[in-house]
Number of protein chains: 2
Amino acid sequence: MTRSEDETRVDTLERPSLEAARETIASGIAREALVTAFGRCRVEYDGRAASSLAAGDRHVMCKPDGTILVHTDEGQKPVNWQPPGCEHTVELVEGEADTTESALILESTRSTPEERLRVTFETVLCVSVFAGTDDTDLSLVGTEEDLRERILETPDLLESGFTPLATERATPAGAVDIYGEDSAGRAVVIELKRRRVGPDAVSQLRRYVDALERDLHADAAVRGILVAPSVTDRASRLLSDHGLEFVSLEPPAE
Amino acid sequence: MTRSEDETRVDTLERPSLEAARETIASGIAREALVTAFGRCRVEYDGRAASSLAAGDRHVMCKPDGTILVHTDEGQKPVNWQPPGCEHTVELVEGEADTTESALILESTRSTPEERLRVTFETVLCVSVFAGTDDTDLSLVGTEEDLRERILETPDLLESGFTPLATERATPAGAVDIYGEDSAGRAVVIELKRRRVGPDAVSQLRRYVDALERDLHADAAVRGILVAPSVTDRASRLLSDHGLEFVSLEPPAE
DNA sequence: ATCTAAATCTCGTCG
DNA sequence: CGACGAGGTTTAGAT
């Protein structure tokens, strides 16, 4: 077979027979393409939890990395899915005689943990196979990491005289975002959040401060500072209850 | 217009002109259908954070509820997205003279928070419009809620003589999963997790126990029990450090 | 609309 | 492989 210009990048079947759909899906998976199917199906999942979904029209996407996604017409999250690294198989189950209906079964399995997703199509309205190229990486700004860099560049943003000594400093309770000391030489633990925080972030900071106080084995109290754009009321109360502090800072915008 | 049997459920164009793609996408969105496009595009996002993605072949899905998802050939998560409730627009930008290239721009915006996603196609390899029906709900078992029901049905699973008194009991630090008392009449706070837990779950439990001890204003200590299939080493250490307990229980399997 | 916590969270990173 | 924490988390429920 010769492909003069570029290889086939897209192949679509409308209202295919189940056998034609099976063949196209199987060859798409074998070619490491991105395969989609839209049609009436039911879905069973068993693994970390277990779920069942009765028949309806859904959009199914199989990626060459072993991901499978089942989308309804609502919501950002797939109604069922399987993560990258799974094995896909597609199989046609013939109805017995003329009475039972045939079905197309798309199955995805993995181990560690043992998980299985089974999509059973009674009708396939459309199958597509897409072969593309994508070499690029997403560039993202506004993360917690950006906020950390901002503080390390200009420690006075936190408070005058603050000196960062380490990032990701290990404690028995986990790694501290920024560890440093204030102008009086007191140890400071900083927990960073890129957005408004609730009680969980306060607990996290408290855990680190506790651990560090035990670890330093000194009576000199360790200061704990939560750095985020803002806090909820309850989080603010929890901060005071435990002698922790808050400084309002956002990740850089650009 | 008459549709004798059933209305058009799927409409697909392979390698359409940008104008034909625009027309099909616009009418699909207007018809409240699920619309997909595959082709070479770049993607810009600005909102809670900001991101940029150079040109590559990707799969874009617009749902009638205002969701938009941009998928590459890898990963379970879309590389870019917009949540339900957004406004979609599709627009053709003509190149100037014959020198500049035309482009198809798919844009999704929302407020609270202000967010914008822009997908700029230089080539569309396939556009599909799907109209289906899906009335069913997912049935899921193995959740934290299932674990709670299991304990409420058979409190002795936790320990002999335990009596549940309330679920979602309010404290200044948040709502406790199960509140009850042991055979000696001591107050018990239970935090449930459907899977193996780490330090965060311990902190959460500690926060509730702390708050309840203050709230009850008594010196009688409140017992805190973490109920989960298992704990990590560090979490186990944190539990002992704070006088908290652990009971191994899983959500029911069926 | 905001708060709070669960989730088959997913994803990267590090030991 | 597990552990740990970030995430434009998303989603559901309560206030």
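Heavy-atom basis, side chains included; hydrogens, waters and symmetry copies ignored.
Nearest-nucleotide assignment on DNA chain C puts the 5′-proximal partner with A:Glu115, out of B:Lys77 and A:Glu115. Comparing B:Arg207 and B:Gln76 along DNA chain C, the residue whose closest nucleotide (by nearest heavy atom) sits nearer the 5' end is B:Arg207.
Side-chain nitrogen and oxygen atoms of B:Arg48 include none within less than 4.0 Å of the OP1 or OP2 phosphate oxygen of D:dG7. Put simply, B:Arg195 has no side-chain N or O that comes within less than 4.0 Å of OP1 or OP2 on C:dA6. OP1 and OP2 of D:dT9 both lie 4.0 Å or more from every side-chain N or O belonging to B:Trp81. The shortest distance between the side-chain N/O atoms of A:Arg234 and the OP1/OP2 oxygens of C:dT2 is not below 4.0 Å. Between A:Tyr208 and the phosphate of D:dC4, there is no side-chain N or O to OP1/OP2 separation shorter than 4.0 Å.
Nucleotide C:dT8 forms no Watson-Crick or G-U wobble pair with any nucleotide shown, as no partner meets the under 3.5 Å limit on both distances.
Distance CG (A:Asp146) to P (D:dG8): 11 Å, rounded to an integer number of Å.
Counted by atom type alone, A:Ser230 and A:Arg196 present one or more donor-acceptor pairs between their side chains at under 3.5 Å. A:Asp200 and A:Ser203 share no donor-acceptor pair across their side chains, judged by distance under 3.5 Å alone.
Nucleic acid contact for B:Asn80: base, since at least one base atom lies under 4.0 Å from a heavy atom of the residue. Residue-level contact check: A:Pro199 touches the backbone only, with heavy atoms under 4.0 Å from sugar-phosphate atoms and none from bases. Looking at heavy-atom distances under 4.0 Å, B:Glu191 makes contact with sugar-phosphate atoms alone, never a base. Counting non-hydrogen atoms under 4.0 angstrom, B:Thr143 reaches the backbone sugars and phosphates but no base.
Aromatic ring pairs are classed by plane angle as parallel below 30°, tilted from 30° to 60° and perpendicular above 60°; the pair B:His59 and B:Phe38 is tilted.
Taking atom P in both D:dG8 and C:dT4, one finds a spacing of 22 Å when rounded to whole Å.
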